[in-house]
Undergrad: 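Next up is a structure, given as structure tokens.
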Amino acid sequence: MAAAMDWLPWSLLLFSLMCDTGAFYVPGVAPINFHQNDPVEIKAVKLTSSRTQLPYEYYSLPFCQPSKITYKAENLGEVLRGDRIVNTPFQVLMNSEKKCEVLCGQSNKPVTLTVEQSRLVAERISEDYYVHLIADNLPVATRLELYSNRDGDDKKKEKDVQFEHGYRLGFTDVNKIYLHNHLSFILYYHREDLEEDREHTYRVVRFEVIPQSVRLEDLKADEKSSCTLPEGTNSSPQEIDPTKENQLYFTYSVHWEESDIKWASRWDTYLTMSDVQIHWFSIINSVVVVFFLSGILSMIIIRTLRKDIANYNKEDDIEDTMEESGWKLVHGDVFRPPQYPMILSSLLGSGIQLFCMILIVIFVAMLGMLSPSSRGALMTTACFLFMFMGVFGGFSAGRLYRTLKGHRWKKGAFCTATLYPGVVFGICFVLNCFIWGKHSSGAVPFPTMVALLCMWFGISLPLVYLGYYFGFRKQPYDNPVRTNQIPRQIPEQRWYMNRFVGILMAGILPFGAMFIELFFIFSAIWENQFYYLFGFLFLVFIILVVSCSQISIVMVYFQLCAEDYRWWWRNFLVSGGSAFYVLVYAIFYFVNKLDIVEFIPSLLYFGYTALMVLSFWLLTGTIGFYAAYMFVRKIYAAVKID
């Protein structure tokens, strides 16, 4: 619980830092001040690859190990992300240079990789694995210098500096595999201004690495574990032959530079994106298009409705001469309870639970309390909030179930508490078994799984029952017209009133509002990028709610005009139509953006994508359903019915 709420102290720093940072995040918990020659601990987080989507812990490969391996206590989010933060043997002192030092092994006794270890290292390099280290909670980054001007004149070329998270384990060249066995650490510090008679303190503000591959013969090491790197391009890289034993040195160097970057802004380097202008343009474009279309739809439907209501409410003598048609005809059936009311109310209750959780998480993250510098805080907060929002989900499901003439409230509460979470847990458990088989750190440990089950049945289930009990006891929603005993016959429907056609039509507008954000979210999930623009995400979420509501109202109006009163389930399915487009986009992203070829990574991708699509359908379907329900009650309350 303490780990879940570890962001609460940040609220004290929020107001003092908000003006300085000018961004939507608070870049750390509390600054650590170092004195000259104080040790700066380098820790390892994990190994990741966008090709396999399977993280591994650092010591799954034969790296040099310290005398005692110590794992950091992790919160729920870090465990679910596959982070296994552990100490390393790198000896780094504040503002103290190191030219070259052997990490393990002696000058006359290099590290020997067995055939099995060599094969494993070669396999990880060929799978494009990256190593992630941290210093003072700051992740290591590799500097990439790209030239934006491609003219022939070198003087006119401008360097565009970007940063890659982590560093590549190695590289392949002409079917040969090479390991990055020398790391040149470049750490930047900011000198804090103090009074005259006091010792200067330093803060780490950037952590870069230049990985190099240097073969054993070109490294000269002495008895004091110091080494000399070859000059210029005279050296050859360290090859890893997977068919035999390999001998090599693991070495590193440390270089310190002073920086003007203040501690509060040190995460800017990692969060800077190369296509900010495209991002801004796309967001503004989505806002304008969606509000423009929403305005047009609102005008059309309001004008049409006013005309309908005016016609329906004319004097009796005029009404007798007119033949009734349209949505007024189905007034005696429009509130007839649908099939499977318990399942419908349970799904809508889970949708309310998701809606409350997502709204609070995005809002809190927008204020800066869930920054990337606090690893796992976002996922931990989301898990706990989903559990606690069960009381709202249960309340809304219970009240709707009673409105739909349901009687078995205990069974309905159990269905609400277990239907959606049970599907999520089942899919995650099956995927977790495959990850276990690969010995990946991404596999959720058994104790964590038991803890999640205890949270589900110890927190979420009782809260859902509590909410359902009060919701079921509350007065049901007041429907403005009575339901006839004999159901009305439904005329034959046009082709465009088909359910799947409705899903295609209704999903375009909400998906158009958010597909740019979806690209950045997918990049954050599948390509190990940081996502931090929660201010934009909150805006997109509001647009999504507005557009889903508008489209849902239009679709239910057309359905009732066609004298089809079976709108409950259809509106719930159609309102979540944008989830279908999310699925199509996920397939497009898999084919065009990712380089996944193996079975288990593909299974993981589509398994987690299925969970995302299901959750998104529940969210948008619930938003659309309640908007349509309010609309239907409103219009039937406005007409005179005998």
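Values below: every heavy atom of this structure, side chains too, minus hydrogens, waters and symmetry copies.
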Undergrad: Under a plain distance cut-off of 3.5 Å, with no hydrogens placed, do T48 and H132 share a side-chain donor-acceptor pair?
TA: yes
Undergrad: side-chain contact (heavy atoms from CB on, under 4.5 Å), that's the test. Do Y420 and L614 meet it? Break it down for me.
TA: CA-CA 9 Å; Y420 169 69; L614 173 65; 4.0 Å; yes
Undergrad: What's the verdict on side-chain contact (heavy atoms from CB on, under 4.5 Å) for Y189 and R203, showing C-alpha distance, side-chain angles and the deciding distance?
TA: CA-CA 5 Å; Y189 64 86; R203 291 177 180 175; over 6 Å; no
Undergrad: Any ion pair linking D136 and R266 (charged N to carboxylate O, less than 4.0 Å)?
TA: yes
Undergrad: Minimum heavy-atom separation for T380 to G77, with atom names?
TA: OG1-N, 2.7 Å
Undergrad: Are E127 and R124 within salt-bridge range, i.e. N to O under 4.0 Å?
TA: yes
Undergrad: So, taking the atom named CD1 in I521 and the one named CH2 in W526, what distance separates them when rounded to the nearest 0.5 Å?
TA: 13.0 Å
Undergrad: Does this structure show an ion pair linking R191 with E258, if we count only N-O contacts that are shorter than 4.0 Å?
TA: yes
Undergrad: Test side chain to side chain donor-acceptor pair (under 3.5 Å) on Y252 and Q91 and set out the steps.
TA: CA-CA 10 Å; Y252 71 104; Q91 301 292 323; over 6 Å; no
Undergrad: Just so I know, are the side chains of M94 and Q36 near enough to count as touching, which here means a heavy-atom distance under 4.5 Å?
TA: no
Undergrad: Please confirm whether the backbone N or O of R143 pairs with a side-chain atom of E164, one donor and one acceptor, at under 3.5 Å?
TA: no
Undergrad: To the nearest 0.5 Å, how far apart are NZ in K46 and CG in L54?
TA: 11.5 Å
Undergrad: Between P62 and F250, which heavy-atom pair has the shortest distance, and what is it?
TA: O-CE1, 3.7 Å
Undergrad: Examine distances only and state if a side-chain atom of R84 and a backbone atom of S441 form a donor-acceptor pair shorter than 3.5 Å.
TA: yes
Undergrad: Could you go through the side-chain contact (heavy atoms from CB on, under 4.5 Å) check for I240 and Y178 one step at a time?
TA: CA-CA 6 Å; I240 300 294; Y178 302 98; over 6 Å; no
Undergrad: Is it the case that the side chain of T251 and the backbone of E101 share a donor-acceptor pair, with hydrogens and angles ignored and the cut-off at 3.5 Å?
TA: no
Undergrad: Can you name the closest pair of heavy atoms from R51 and S126 and give their distance?
TA: NH1-O, 2.8 Å
Undergrad: Do the side chain of Q353 and the main chain of F386 share a donor and acceptor less than 3.5 angstrom apart?
TA: yes
Undergrad: Quick check: are there more than 12 heavy atoms from other residues, nucleotides or ligands sitting under 6.0 Å from CD of E116?
TA: no
Undergrad: Is a side-chain donor or acceptor of S440 paired with a backbone partner of P55 at a separation under 3.5 angstrom?
TA: yes
Undergrad: Is L93 close to D38 at the side-chain level, that is, under 4.5 Å between some pair of heavy atoms?
TA: no
Undergrad: Relative to the ring of F522, is the ring of Y605 parallel (under 30°), tilted (30 to 60°) or perpendicular (over 60°)?
TA: perpendicular
Undergrad: Under a 3.5 Å distance rule, please check whether K99 uses its side chain to pair with a backbone N or O of L229 as donor and acceptor.
TA: no
Undergrad: Under a 3.5 Å distance rule, please check whether N246 uses its side chain to pair with a backbone N or O of S118 as donor and acceptor.
TA: no
Undergrad: Charged N to carboxylate O under 4.0 angstrom, K176 versus D173?
TA: no
Undergrad: Using a strict threshold of under 4.0 Å (side-chain N to carboxylate O), is an ion pair present between E78 and R375?
TA: no
Undergrad: Passes side-chain contact (heavy atoms from CB on, under 4.5 Å), V131 versus L133? Steps please.
TA: CA-CA 7 Å; V131 183; L133 306 174; 4.1 Å; yes
Undergrad: Is there a side-chain contact between N33 and Y202, using heavy atoms and a 4.5 Å cut-off?
TA: no
Undergrad: Quiz question: by atom type and distance under 3.5 Å, do the side chains of E57 and Y71 form a donor-acceptor pair?
TA: yes
Undergrad: Measure up the Y585 and Y589 rings against each other and bin them: parallel (under 30°), tilted (30 to 60°), perpendicular (over 60°).
TA: tilted
Undergrad: Closest approach of V102 and S226, non-hydrogen atoms and distance?
TA: CG2-O, 4.4 Å
Undergrad: Determine yes or no for a side-chain-to-main-chain donor-acceptor pair under 3.5 angstrom, with N87 supplying the side chain and T70 the backbone.
TA: yes
Undergrad: Measuring from atom OG of S253 to atom CD1 of I210, what distance do you get when rounded to the nearest 0.5 angstrom?
TA: 8.0 Å
Undergrad: Taking side chain to side chain donor-acceptor pair (under 3.5 Å) as the definition, give me every residue that meets it alongside E257, ordered by chain and number, with sequence neighbours left out.
TA: H255
Undergrad: Side chains of Q117 and R119: closer than 4.5 Å at any heavy-atom pair?
TA: no
Undergrad: Looking at side-chain heavy atoms only, is the closest gap between R168 and H180 below 4.5 Å?
TA: yes
Undergrad: Decide if atom NZ of K262 counts as having more than 12 heavy atoms of other residues, nucleotides or ligands within a radius under 6.0 Å.
TA: no
Undergrad: Hey, does the side chain of T201 reach the backbone of F34 with a donor-acceptor pair shorter than 3.5 angstrom?
TA: no
Undergrad: Can you tell me if CG on N592 sees more than 12 non-hydrogen neighbours from other groups inside 6.0 Å?
TA: yes
Undergrad: Do F534 and F363 have ring centres separated by under 6.0 Å?
TA: no
Undergrad: Answer whether the closest heavy-atom distance between the side chains of S184 and Q212 falls below 4.5 Å.
TA: yes
Undergrad: With heavy-atom distances below 4.5 Å as the criterion, would you say the side chains of L354 and F616 are in contact?
TA: no
Undergrad: Nearest 0.5 Å please: distance from the CZ atom of F606 over to the CD1 atom of I596.
TA: 8.5 Å
Undergrad: Shortest non-hydrogen contact from C104 to V111?
TA: SG-CG2, 3.6 Å
Undergrad: Determine the interplanar angle of the F429 and W436 rings, folded into 0 to 90°, and report it as parallel if under 30°, tilted if 30 to 60°, perpendicular if over 60°.
TA: perpendicular
Undergrad: Shortest non-hydrogen contact from P89 to P66?
TA: CD-CD, 3.9 Å
Undergrad: Can you confirm whether Y608 sits close enough to L431 that some side-chain heavy atom of one is under 4.5 Å from a side-chain heavy atom of the other?
TA: yes
Undergrad: Going by ring-ring contact (aromatic ring centres under 6.0 Å, His included), Y56 matches just one of Y129, Y130, F63. Which one?
TA: Y129
Undergrad: Any idea how F599 and F434 line up, ring-wise: parallel (<30°), tilted (30 to 60°), or perpendicular (>60°)?
TA: perpendicular
Undergrad: Should E74 and K72 count as an ion pair when the cut-off is N to O under 4.0 Å?
TA: no
Undergrad: Hey, does the side chain of T142 reach the backbone of G166 with a donor-acceptor pair shorter than 3.5 angstrom?
TA: yes
Undergrad: Got a second to check how far D128's CG is from L169's CG, nearest 0.5 Å?
TA: 10.0 Å
Undergrad: Rounded to the nearest 0.5 Å, how far apart are CG of N432 and CD1 of I427?
TA: 13.5 Å
